[in-house]
K.L.:
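I'd like to ask you about the structure that follows.
Atoms considered below: every heavy atom in the structure, side chains included; atoms not considered: hydrogens, waters and symmetry mates.
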Amino acid sequence: MTECYIRVAEDENEEPMEIPSEEDGTVLLSTVAAQFPGACGLRYRSPVSQCMRGVRLVEGVLHAPEADWGNLVYVVNYPKDNKRKMDEMDAASAVKIKRGIQKTSDLIVLGLPWKTTEQDLKDYFGTFGEVIMVQVKRDAKSGNSKGFGFVRFTDYETQIKVMSQRHMIDGRWCDCKLPNSKYFLEQAGPDEPMRSRKVFVGRCTEDMTADELRQFFMQYGEVTDVFIPKPFRAFAFVTFADDQVAQSLCGEDLIIKGTSVHISNAEPKHNNIHHLFSNFPGRSPSLAAMFERSQYQFPSSHV
DNA sequence: GTTGAGCGTT
């Protein structure tokens with residue numbers, strides 16, 4: 001497939017605008033958003049079913065529904081459709097709902113034999129349910145396993161099952177637990193006071209560009225800034241137009257280019273941690289200590 | 001080329 005123009009409109013009855021595809025026939029969401037600011041996807045009316053159909057979107061790249069885009073008019077999707085419903089509830093309820101869906105998170109796998117590979121993990125954990133990510137942590141220099149890794153499942157039920165038992169992997173008993181990073185802030189409670197529009201993206205890889213991060217996070221809402229520290233420090237900051245979008249992502253593990261990144265609250269720039277937490281009586285003082293500890297791990301003067 | 005509680009960079 002070669003470069004072409006596809007017809008896109010705000011509404012089925014509006015006059016369409018032609019926007020260019022890439023050389024491989026895909027269309028970048030950013031190209032759509034350049035003409036339709038805030039767009040988060042495309043849909044079209046299927047000539048067969050007469051129903052509206054969504055266009056496949058993978059990490060900021062829109063894929064033609066058939067061999068090519070054809071002569072159809074594609075209609076722009078906006079996150080506002082969801083936001084209207086979101087407006088009726090506060091961030092606290094949003095968090096509850098998010099938890100109600102029971103999203104999966106990465107699990108740390110402790111006690112792996114030195115010889116165990118990612119393929120071994122995939123084979124083993126695949127017997128419990130669909131696996132979407134496995135990692136064996138290795139010494140960068142020697143390539144030797146550090147004896148632990150991570151796994152992520154599609155279904156929360158699978159995650160629960162896996163966490164509830166010990167695992168015999170290549171001749172050793174291993175444990176699967178929620179990693180410690182999960183205990184930072186996102187477990188503080190449903191009334192999380194931080195309502196920043198900016199999120200901290202941990203565990204970034206060096207090959208992730210600001211543009212790619214923007215492409216990726218656009219699916220959740222309008223992105224107003226992406227900051228990547230130089231030299232490479234394995235994290236980034238992403239700022240959204242809407243704080244509710246930012247907050248809804250906090251605590252999640254998202255997979256970008258096959259790598260699991262961790263989203264958490266961005267810390268205020270000129271932080272006075274104890275002042276921040278003092279506004280919320282009843283909260284454990286240890287929370288500020290945890291906050292400081294994480295800050296020590298990721299020293300940052302940004303925000 | 002070793003090891004065995006932990007906590008995720010290339």
K.L.:
With respect to the side chain of A:Thr205, which nucleotide from B:dT9, B:dG8, B:dG6 is positioned closest?
P.N.:
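So the side chain of A:Thr205 is nearest to B:dT9.
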K.L.:
Nearest whole angstrom, please: distance from the C1' of B:dT9 to the CZ of A:Phe148.
P.N.:
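So the two atoms are 12 Å apart, to the nearest Å.
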K.L.:
Given B:dG8, B:dG6, B:dG4, identify the nucleotide with an atom nearest to the side chain of A:Gln135.
P.N.:
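Selected nucleotide (nearest to the side chain): B:dG8.
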K.L.:
Who pairs with A:Thr259 by side chain to side chain donor-acceptor pair (under 3.5 Å), at least two apart in sequence or on another chain?
P.N.:
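Scan of A:Thr259 (side chain to side chain donor-acceptor pair (under 3.5 Å), adjacent residues dropped) gives none.
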K.L.:
With the criterion being N/O to N/O and under 3.5 Å, what pairs connect the protein with nucleotides 1-3 of chain B, and how long is each?
P.N.:
none

K.L.:
Please classify the nucleic acid contact of A:Leu112 as base, sugar-phosphate, or nothing, using heavy-atom distances under 4.0 Å.
P.N.:
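Result for A:Leu112 = base.
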K.L.:
Parallel, tilted or perpendicular: which one describes the rings of A:Phe125 and A:Phe128, with boundaries at 30° and 60°?
P.N.:
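Correct class here is tilted.
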K.L.:
How many whole angstroms separate atom NZ of A:Lys177 from atom P of B:dA5?
P.N.:
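Between P of B:dA5 and NZ of A:Lys177: 11 Å.
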K.L.:
Of the nucleotides B:dG8, B:dG4, B:dG6, which one has an atom closest to the side chain of A:Phe150?
P.N.:
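Between B:dG8, B:dG4, B:dG6, the one nearest the side chain of A:Phe150 would be B:dG8.
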K.L.:
Is A:Ser260 touching bases, backbone alone, or none of the nucleic acid, heavy atoms closer than 4.0 Å?
P.N.:
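Here A:Ser260 touches the bases of the nucleic acid.
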K.L.:
Quick one: list whatever passes salt bridge (charged side-chain N to carboxylate O under 4.0 Å, His left out) with A:Asp11, sequence neighbours left out.
P.N.:
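With sequence neighbours excluded, A:Asp11 shows a salt bridge (charged side-chain N to carboxylate O under 4.0 Å, His left out) to no residue whatsoever.
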K.L.:
Any N or O donor-acceptor pair linking the side chain of A:Asn180 to the base of B:dG6 at under 3.5 Å?
P.N.:
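A donor-acceptor contact between them is absent.
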K.L.:
Classify the nucleic acid contact of A:Pro113 as base, sugar-phosphate or nothing, counting any heavy atom under 4.0 Å across all strands shown.
P.N.:
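Base, at least one base heavy atom under 4.0 Å.
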K.L.:
Tell me every residue that passes side chain to side chain contact (heavy atoms under 4.5 Å, CB included) with A:Lys115, counting only those two or more places apart in sequence or in another chain.
P.N.:
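Only A:Pro113, A:Asp170 meet the side chain to side chain contact (heavy atoms under 4.5 Å, CB included) criterion with A:Lys115.
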K.L.:
Of all the choices, B:dT9, B:dC7, B:dG4, which nucleotide is nearest to the side chain of A:Arg172 once you look at every atom?
P.N.:
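So the nucleotide nearest the side chain must be B:dG4.
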K.L.:
Between A:Lys146 and B:dG8, does any side-chain N or O lie under 4.0 Å from OP1 or OP2?
P.N.:
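Result: no.
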K.L.:
How would you list, by chain and number, every residue that makes a side chain to side chain contact (heavy atoms under 4.5 Å, CB included) with A:Thr127, sequence neighbours excluded?
P.N.:
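Scan of A:Thr127 (side chain to side chain contact (heavy atoms under 4.5 Å, CB included), adjacent residues dropped) gives none.
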K.L.:
Which residues pass the side chain to side chain contact (heavy atoms under 4.5 Å, CB included) test with A:Val73, sequence neighbours left out?
P.N.:
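Once residues adjacent in sequence are excluded, the partners of A:Val73 under the side chain to side chain contact (heavy atoms under 4.5 Å, CB included) criterion are A:Arg7, A:Ala9, A:Pro16.
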